[in-house]
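As C-alpha cells, the structure follows; a few thoughts come after it.
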Amino acid sequence: MINSLSSEEQQAQRSDFGLRLSNSMAKYGPLCVGIDPHRKLLTDWGYNVDAEGAELYAMRMLQAASGRAAAVKFQSSMFERYGSKGFAALERVLYAARQMGIITIVDCLHGGLSTTISAISDAYFKPGAPLLADAITLLPYYGARSLGGVINDALNNGRGVFVASLTSNEEGASLQTAIRQNGDYKGKTVAYGVASTVQKFNEGIDGMGSVGLIIGATIGQWINDSGVDPARFTGPILSPGYGWQGAEAKDLRTVFKGTRGNVLVTVSRFIASHGPDIAALSQATEAISLDVRQALLEATKVADERPHDTNAPTVVDMGSAASTQSAAASISDSADASAAGTFAQSDHGTVVAAAEPTDNTAGDSTTADGVKPVRIATDAAKTADATETSDHPADDGVANAADDARDDASDSVAAAATAAPAATTVRKQTVEVSDENVQDEREEQMKQAMHGGRLLVLTGPAGVGKGTVENALRKKHPEVWVSVSATTRDPRPGEVNGLNYWFMSEDEFIAKEAAGEFLETAVVHGMAHYGTPLKPVEEHLAEGTPTILEIDLQGARRVKETAKDLGLEVLSVFIAPPSFDELVRRLVGRGTETEAQRKRRLETAKVELAAESEFDVTIVNDNVDKAAEELWALIAKEYGISE
C-alpha cells in the first residue's frame with residue numbers, strides 16, 4: 001500500500017501520528033490519562049475484579065478523559081491477566097475510544113528479535129487489526145535497531161510508537177546509563193544510543209515526529225548522566241511517574257527543561273482515586289491537566305533564554321562518559337531539534353492572590369490606599385460554583401468538600417467583625433535582622449519580583465465561584481500559575497503532595513514559619529496549620545509568570561499587610577455574586593453542608609459582602625467564562641500582555 005504512494009504522500013503518512021498527537025496536545029494540553037484497572041481500584045470502585053470490571057472501569061475513565069486530555073494509555077497487562085475475556089474487553093474499549101475520537105496508546109512494552117516482533121504489527125497497526133491503536137510502547141533490550149521493522153510498519157500505517165529510554169525505576173538507571181563497549185555509540189550510554197537511533201526516524205519531519213521516547217518524570221538530575229537531552233528530541237516524549245508515583249512539577253521542569261511542547265505526561269491513579277463518579281473524575285482530570293500544563297510551560301522558558309544552535313545534534317551528550325568530539329560526531333547528521341511548540345506563552349507575568357471579603361470597612365468607598373474600587377459585572381445570569389469548597393488555595397479545581405474546615409474558621413473570624421483572629425499568625429518583616437546584607441538582599445529580590453506587575457490577590461465569599469472562574473481562566477491561559485498552600489493536616493484520599501497541598505509535619509511547618517518562609521499562616525480550629533509558601537510566589541514573580549494566590553478574606557488582609565512590609569504592591573480582586581439571593585442559591589446547591597453550617601455560612605456571607613469596598617476591583621460572577629475573561633483582561637492590562 002505504502003509503495004503505491006508518492007514520496008510526499010509517504011512522508012505525510014509516516015508523520016500522521018505525530019501531527020494528530022501534536023494537534024490534540026495543542027487543543028487539550030499535555031495530559032495522557034492512564035487507564036490501569038488495578039485490582040484495588042476495581043475493588044474501591046465496587047466493581048468485580050474480572051474482565052467485566054476492567055472494561056467498566058476503562059469506559060468511565062474514557063468518559064472523564066474525553067475532551068480533557070490529549071490521549072489515553074491502556075496498561076495491557078491489566079487486561080491480559082483475564083485471558084481471552086481480558087483481550088476482548090481491551091478490544092471493545094479501544095473501539096469505544098476510536099468512536100469518541102480519543103488518541104489511544106497501548107502500553108504493551110513489546111520487544112524481541114525483528115523476525116518475531118513483526119507479528120505485533122498485525123495486532124495493533126495494520127488495517128483490520130483486532131487491537132487497533134494509535135501507538136504502542138516498545139522495549140529495546142534486543143537493541144533499538146531490532147525494532148526497526150515494527151516502527152516502519154507503524155509509520156506506514158499512520159501510527160506511532162514510544163520506545164523506553166529512561167525509566168523511573170531505580171534499577172533502570174544503572175542499566176540505562178551503562179557505557180556501550182562497541183558499536184556506533186561506543187563510549188556513550190545505553191539510553192543515548194536508544195534515543196539517537198529513535199530520533200533518526202523523525203528526521204525530515206516538519207513539526208513533531210511519530211516515533212517517541214519514554215522518559216520517566218522521576219529520574220531527576222541523573223538525566224545528566226545519561227547523555228540524553230530531551231530538548232533536542234523532535235518526537236513525542238511519554239512521561240510516566242507524575243503525581244501518585246512521586247514526581248512533582250519541579251521534576252518536570254528539571255527533566256524537560258527546554259522542551260517545546262512535545263512532552264506527554266501520563267497520570268492514572270490520581271484521577272482514578274476520584275472515581276467512580278464521572279463528574280468527580282472529570283474534575284480531577286481537568287485539575288491535573290492544568291497543573292501539568294503550567295509545569296511544562298515553565299520548562300519551555302529555559303529554551304527561550306538560551307541561544308539556538310542550528311548545528312547542534314539532536315541528542316546532546318551531557319554525561320562524563322561521552323566527552324569526545326569523535327563520539328559526538330556519530331550523530332552529527334541528526335535532524336535539528338526544533339520540536340514544534342504547542343503552548344503559547346507570554347513575555348510578561350502576573351501574580352493573582354485571592355482574598356475573602358471583610359466587614360470592618362463596610363460603607364467605605366475607597367481602599368486603604370485611597371483607590372476607588374472598580375466594579376465589573378458580567379452580563380449573563382447563570383452558572384454557580386457547585387463544587388467550590390475551599391477558600392484557601394489548595395485543590396487546583398478538584399472538588400473537595402472536606403476543605404470546608406478552613407472556611408468554617410473564616411466564618412467564625414469574619415462574624416466577629418473587627419475582633420482580632422484568635423488562632424491566626426501573621427508573618428512580620430519587622431523581625432530583627434542581625435545582618436543588614438540579608439535584608440538588602442531580600443529587598444532586591446522583591447524589586448526583581450516586581451518587574452512584571454503588582455501581586456494580584458483574588459477573593460470572594462464561599463460559593464461565589466472563585467475556583468470555577470480560576471479554572472476557566474487557566475484553561476484558556478495555561479501560563480497562569482496558582483499558588484499551592486502548605487498544611488499540617490493529613491492528606492485525604494486522592495490528594496497529591498504539591499498538587500492539592502504541600503503536606504508537612506507540624507515541626508517542619510513551625511520551623512519554616514520561624515524562618516520567615518510563609519507569606520501568611522493560620523491555624524484552623526486550633527488543629528491544622530495552613531500557610532502560603534513565600535518562595536514560589538517570589539520566584540514566579542521574578543520570572544514574570546502570571547500567578548494567582550487564592551485565599552480567604554482574613555488571609556487576604558494578612559497578605560496585604562505582609563506585602564506592604566516587604567515593599568510588594570498588591571492588586572486585590574473581589575469576586576462577587578450578582579445578588580445575595582443568588583449566593584444563597586449557590587450555597588444551597590452545593591449540598592456539602594448541614595443546615596446549621598449553611599445558616600452560619602450565610603450570616604458570614606453578609607459580613608463578607610460588606611467588605612467589597614476594601615478591594616481594588618470587583619468582578620461580578622454572572623457567568624463563569626465572562627468573569628474569567630474580565631480577570632484575564634485585568635492581568636493583561638496590569639502586565640502589558642498583548643491579548
Side-chain angles (χ1 to χ4, degrees), residues 1-25 32 35 51 55 58-59 62 65-66 69-80 83-140 145-163 198 200-202 204-212 235-236 238 264:
M1 179 67 180
I2 191 74
N3 293 330
S4 63
L5 302 177
S6 67
S7 58
E8 291 80 8
E9 290 173 328
Q10 290 182 33
Q11 185 79 331
Q13 183 88 321
R14 292 173 68 85
S15 61
D16 183 65
F17 172 71
L19 177 62
R20 289 188 291 115
L21 180 59
S22 179
N23 289 339
S24 185
M25 291 170 70
C32 175
I35 300 180
E55 184 174 350
M59 291 296 187
L62 280 176
S66 180
V72 295
K73 179 176 72 67
F74 295 95
Q75 181 56 255
S76 65
S77 62
M78 300 288 178
F79 294 87
E80 290 177 24
S84 60
K85 291 183 178 180
F87 277 110
L90 180 58
E91 282 188 45
R92 287 191 290 269
V93 294
L94 283 168
Y95 176 80
R98 291 197 299 274
Q99 297 305 304
M100 297 168 74
I102 303 174
I103 290 178
T104 57
I105 303 168
V106 175
D107 194 3
C108 54
L109 287 174
H110 280 298
L113 296 174
S114 57
T115 53
T116 55
I117 196 177
S118 59
I120 293 300
S121 302
D122 296 329
Y124 292 104
F125 300 138
K126 295 182 179 180
L131 295 168
L132 187 63
D134 292 295
I136 65 172
T137 60
L138 298 172
L139 278 176
R145 288 179 183 156
S146 69
L147 305 176
V150 172
I151 293 175
N152 280 315
D153 282 340
L155 297 177
N156 292 339
N157 285 279
R159 309 292 165 175
V161 302
F162 291 90
V163 181
V198 169
K200 290 181 179 180
F201 287 95
N202 297 319
I205 301 296
D206 291 331
M208 188 168 74
S210 295
V211 184
L238 187 66
L264 186 65

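Sequential numbering from 1 along the given sequence is applied to the chain's residues.
Under a 3.5 Å cut-off, the side chain of Gln11 and the backbone N or O of Gly204 do form a donor-acceptor pair.
In plain terms, the two heavy atoms of Gly18 and Ser210 that are nearest each other are N-OG, 2.8 Å. The nearest pair of heavy atoms linking Ala65 to Val72 is CB-CG1, 3.6 Å. Across all their heavy atoms, Leu132 and Arg98 have their closest contact at O-NH1, 2.9 Å. Contact record, Ala58 with Val93: CB-CG1, 3.7 Å, taken as the closest heavy-atom pair. The two residues Ala133 and Leu94 make their nearest non-hydrogen contact at CB-CD2, 4.4 Å. The shortest non-hydrogen separation linking Ala69 to Ser24 is O-OG, 4.4 Å.
Taking CG of Leu264 as the reference point, atom CG of Leu238 lies at 5.5 Å (rounded to 0.5 Å). Remark: Ile205 CD1 to Leu19 CG distance equals 10.0 Å, nearest 0.5 Å. We find the CZ-CZ distance between Arg159 and Arg20 to be 5.5 Å, quoted to the nearest 0.5 Å. In this structure, Ile151 CD1 and Ile117 CD1 are separated by 9.0 Å, a value rounded to the nearest 0.5 Å. Within the model, atoms CE of Met100 and CE of Met59 stand 9.0 Å from one another, a figure rounded to the nearest 0.5 Å. To the nearest 0.5 Å, atom CG of residue Asn152 and atom CZ of residue Phe125 are 11.0 Å apart.
Contact of the Phe17 side chain with the Asn157 side chain is not registered, since no non-hydrogen atoms from C-beta on lie closer than 4.5 Å. Using a 4.5 Å cut-off on side-chain heavy atoms (C-beta onward), Glu91 and Leu131 make contact. A heavy-atom distance below 4.5 Å is found between the side chains of Ser66 and Ile102. Side-chain contact between Pro130 and Phe87: absent, with no pair of heavy atoms (C-beta onward) separated by less than 4.5 Å. Taking 4.5 Å as the limit, some side-chain heavy atom of Leu147 sits within range of a side-chain heavy atom of Pro140.
Of the listed residues (Arg14, Gln10, Gln13), just one forms a side chain to side chain donor-acceptor pair (under 3.5 Å) with Asn156, and that residue is Arg14. Paired with Met208 under the rule side-chain contact (heavy atoms from CB on, under 4.5 Å), one option of Asn202, Leu21, Asn23 passes, and it is Leu21. For the side-chain contact (heavy atoms from CB on, under 4.5 Å) test with Lys73, the passing option among Thr104, Ile105, Val106, Ile136 is Ile105; the others fail.
Remark: Asp206 CG is loosely packed, at most 12 non-hydrogen atoms of other residues, nucleotides or ligands lying under 6.0 Å away.
Tyr124 and His110 have tilted rings, their planes meeting at an angle from 30° to 60° on a 0 to 90° scale.
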